[in-house]
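We use all heavy atoms of the structure for the numbers below, so side chains are in, but hydrogens, waters and symmetry mates are not. Lettering follows sequence order; numbering is per chain, from 1.
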There are 2 protein chains.
Amino acid sequence: MKLNRKLHIPLYIQLKDQILVNIKSDDYIIGDMIQSEQELMKTFQVGRATVREAINELVKEGFLEKQQGRGTFIKRKETSLGFEPLLSLSYSLKMRGWEHKNQVIIRKQIENTVAETLIKAPKIFYFERNRTIDGHPLGFEKFYFQPDFEMLVSEYNLENSIGKLILEILKLPIERLIQEVIIVKANEQEANLLKLNVGDDLMFMKRWLYVKGFEGAYQYYEFKVPVGVSAFPADLL
Amino acid sequence: MKLNRKLHIPLYIQLKDQILVNIKSDDYIIGDMIQSEQELMKTFQVGRATVREAINELVKEGFLEKQQGRGTFIKRKETSLGFEPLLSLSYSLKMRGWEHKNQVIIRKQIENTVAETLIKAPKIFYFERNRTIDGHPLGFEKFYFQPDFEMLVSEYNLENSIGKLILEILKLPIERLIQEVIIVKANEQEANLLKLNVGDDLMFMKRWLYVKGFEGAYQYYEFKVPVGVSAFPADLL
DNA sequence: TAGTGGTCTAGACCACGGC
DNA sequence: CCGTGGTCTAGACCACTAC
């Protein structure tokens with residue numbers, strides 16, 4: 001297989017398109033390993049930098065996933081515009097190249113006494129998470145779910161992306177999503193948790209998720225994050 | 001200036017952090033050009049691949065912007081979590097490495113007869129845009145603004161990012177944002193515009209933006225996009 | 001024309017994962 | 001141990017921008 005060096009299209013773009021054709025063919029399924037960098041170099045008669053450039057583009061676009069010491073794997077065959085950017089902060093952060101951690105601090109069934117959830121069930125599955133980047137507090141979240149959700153996720157680590165869980169693993173059929181963001185002032189507890197001063201601005205996000213087959217909301221979500229929080233505090237550099 | 005080669009921290013990460021320190025110092029302001037790749041190679045005694053890796057990371061994270069033939073420029077000194085991912089589809093698409101175009105098809109003042117806008121003004125500034133990726137229809141948008149907005153943006157090309165305009169250029173003080181997404185079926189007109197079949201699923205997003213000093217909404221926004229629209233249609237490959 | 005970033009090669013050694 | 005991707009070098013030529 002050869003690429004056209006007379007074209008003024010960069011080799012790594014041509015190679016990227018070739019790889020894309022391959023991974024979209026029926027011969028491959030999601031999770032399959034693609035050719036190694038060495039093999040691609042031989043197959044297409046190009047240098048390693050070219051191969052890596054092509055692969056990195058496809059990783060950035062979500063088609064491939066690299067694992068050091070193992071190989072490069074097909075992550076998805078079609079990239080679609082969906083709920084990901086709306087539902088997953090992890091997704092948005094990852095897109096910016098930021099790694100972060102979520103720590104679950106509370107997890108339990110509670111009585112449904114929180115009217116704002118709009119969930120129609122006597123009991124609710126509830127958990128709270130702290131989010132950090134490089135150990136610095138980013139914000140904290142409260143999740144309220146239909147009680148059946150606890151069963152669905154019994155084997156899932158709730159410190160991972162909940163957006164990914166809902167969209168990619170459970171593939172819940174979302175019918176409706178409502179999101180509200182307002183600016184509020186930090187109270188004492190919030191100021192402590194997020195290492196701010198009382199009265200500092202917080203972005204307060206509320207989200208209601210409606211899933212097919214459920215009356216009322218399926219999930220209610222709250223997230224508070226300082227406005228303009230720096231992901232790379234000067235003292236880390 | 002030298003980097004520590006005994007550390008097990010990659011050189012390009014060390015270099016990236018060094019550049020970041022420089023960017024954030026008071027000697028530089030946003031828009032300034034940083035050292036060229038050649039200069040960085042000399043200054044830090046590293047190869048070009050290392051320099052480019054470091055710079056690419058910072059571009060991905062939004063700190064720098066490269067311009068072929070000119071240089072590399074400071075885009076921002078602090079990266080913050082804000083409304084960008086919520087307000088700007090362009091932003092999300094760019095983060096995925098996708099380039100796209102917005103075409104304004106209607107632009108005019110209209111009577112405020114659309115109750116859903118929640119804008120309190122007798123007249124409204126209105127425009128519609130078609131969004132495409134590689135010439136393929138992605139979705140279309142309707143914008144309703146407080147009439148004063150038309151004056152503010154008289155010199156701005158409305159085919160560029162409206163989210164960027166609101167957040168970075170006008171710096172409108174957002175107080176509240178409400179967003180609703182539902183799944184609807186495409187009607188005939190929508191099917192034609194988006195090259196779909198009547199009855200296909202559409203994501204229908206509505207957004208209300210409240211800005212300090214304005215009673216009622218400042219902006220109302222509608223966006224319809226096919227669910228699972230492929231950004232890289234097979235026939236392009 | 002000079003200087004910038006964009007692309008590309010051929011090579012090297014390292015770190016990680018699985019056998 | 002071997003094969004994978006991760007990092008890095010020293011060079012080359014091209015494409016674009018500004019003067």
Side-chain angles (χ1 to χ4, degrees), chain A residues 1-19 22-23 28 31-75 94 97 99, chain B residues 1-19 22-23 28 31-75 94 97 99:
Chain A
M1 199 102 60
K2 283 226 178 146
L3 304 174
N4 187 345
R5 286 168 190 269
K6 290 174 187 168
L7 253 52
H8 57 273
I9 300 173
L11 286 179
Y12 78 92
I13 296 287
Q14 294 184 46
L15 177 54
K16 174 188 152 192
D17 289 347
Q18 275 301 317
I19 296 172
N22 289 341
I23 69 182
Y28 292 88
D32 275 3
M33 192 176 129
I34 66 166
Q35 290 169 290
S36 73
E37 295 179 354
Q38 291 299 331
E39 287 170 334
L40 288 168
M41 285 167 68
K42 276 187 200 165
T43 306
F44 293 97
Q45 297 293 304
V46 292
R48 187 156 174 223
T50 307
V51 169
R52 285 179 63 80
E53 193 87 15
I55 288 177
N56 284 340
E57 289 269 318
L58 292 170
V59 168
K60 196 169 70 175
E61 290 168 12
F63 288 99
L64 296 177
E65 187 171 25
K66 290 196 280 193
Q67 289 182 33
Q68 187 177 132
R70 298 225 303 138
T72 302
F73 302 84
I74 299 176
K75 198 175 163 192
K94 215 170 177 182
E99 290 305 327
Chain B
M1 199 102 60
K2 284 230 180 143
L3 303 175
N4 188 345
R5 286 170 189 268
K6 289 174 187 167
L7 255 51
H8 58 272
I9 299 173
L11 287 179
Y12 79 92
I13 296 286
Q14 294 183 48
L15 177 54
K16 173 188 152 190
D17 289 347
Q18 276 300 316
I19 296 172
N22 291 340
I23 288 175
Y28 291 89
D32 276 3
M33 191 179 129
I34 66 166
Q35 290 169 289
S36 71
E37 295 179 354
Q38 291 298 329
E39 286 171 335
L40 288 168
M41 285 167 68
K42 276 187 199 165
T43 307
F44 293 98
Q45 298 291 306
V46 292
R48 191 161 169 218
T50 308
V51 168
R52 286 180 61 83
E53 192 87 14
I55 288 177
N56 285 340
E57 289 268 318
L58 292 170
V59 168
K60 195 170 68 175
E61 290 169 12
F63 287 99
L64 296 176
E65 186 171 25
K66 291 197 278 193
Q67 290 180 34
Q68 185 176 102
R70 299 224 304 136
T72 302
F73 302 84
I74 298 177
K75 196 174 164 194
K94 216 170 174 180
E99 292 305 328

For the side chain of [X], counting heavy atoms from C-beta on, which of [options] is nearest?
{"X": "Q68(A)", "options": "dG5(C), dT9(C), dA15(C)", "value": "dA15(C)"}
{"X": "M33(A)", "options": "dT9(D), dT4(D), dT4(C)", "value": "dT4(D)"}
{"X": "V46(A)", "options": "dT9(C), dT7(D), dG5(D)", "value": "dT9(C)"}
{"X": "K66(B)", "options": "dG5(D), dC8(C), dG6(C)", "value": "dG6(C)"}

Separation of atom [atom1] in [X] from atom [atom2] in [N], rounded to whole Å:
{"X": "M41(A)", "N": "dG3(D)", "atom1": "CE", "atom2": "C1'", "answer": "14 Å"}
{"X": "I55(A)", "N": "dG6(D)", "atom1": "CD1", "atom2": "C1'", "answer": "12 Å"}
{"X": "Q38(A)", "N": "dA10(C)", "atom1": "CD", "atom2": "P", "answer": "12 Å"}
{"X": "F73(B)", "N": "dG5(C)", "atom1": "CZ", "atom2": "C1'", "answer": "10 Å"}
{"X": "L64(B)", "N": "dG6(C)", "atom1": "CG", "atom2": "C1'", "answer": "17 Å"}
{"X": "E37(A)", "N": "dG6(D)", "atom1": "CD", "atom2": "C1'", "answer": "8 Å"}
{"X": "I9(B)", "N": "dG6(D)", "atom1": "CD1", "atom2": "P", "answer": "18 Å"}
{"X": "E57(A)", "N": "dG6(C)", "atom1": "CD", "atom2": "P", "answer": "12 Å"}

Is the distance from OP1 or OP2 of [N] to the nearest side-chain N or O of [X] less than 4.0 Å?
{"X": "R48(A)", "N": "dG11(C)", "value": "no"}
{"X": "S36(B)", "N": "dG3(C)", "value": "no"}
{"X": "T72(A)", "N": "dG5(D)", "value": "yes"}
{"X": "T50(A)", "N": "dT9(C)", "value": "yes"}

Q | T43(B) OG1 to Q38(B) CD distance, which is reported to the nearest 0.5 Å | A | 10.5 Å

Q: Rounded to the nearest 0.5 Å, what's the gap from NZ on K16(B) to CD1 on I9(B)? Could you check?
A: 11.5 Å

Q.
On a heavy-atom basis, which atom in Y12(A) and which in A54(A) lie closest, and how many Å separate them?
A.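 Nearest heavy atoms, Y12(A) then A54(A): O-CB, 3.4 Å.
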
Q. Are any of the side-chain nitrogens in E37(A) or R48(A) under 4.0 Å away from the carboxylate oxygens of its partner?
A. yes

Q. With nearest nucleotides of DNA chain C determined for R70(A) and I13(A) from heavy-atom distances, which residue corresponds to the more 5′ nucleotide?
A. I13(A)

Q.
Q35(A) and side chain to side chain contact (heavy atoms under 4.5 Å, CB included): which single residue from L40(A), V51(A), T72(A) fits?
A.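 Checked L40(A), V51(A), T72(A) against Q35(A); only one passes side chain to side chain contact (heavy atoms under 4.5 Å, CB included): L40(A).
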
Q: Under 4.0 Å between any heavy atoms, over every strand shown, what does G47(B) touch: base, sugar-phosphate, or nothing? Just pick one.
A: sugar-phosphate

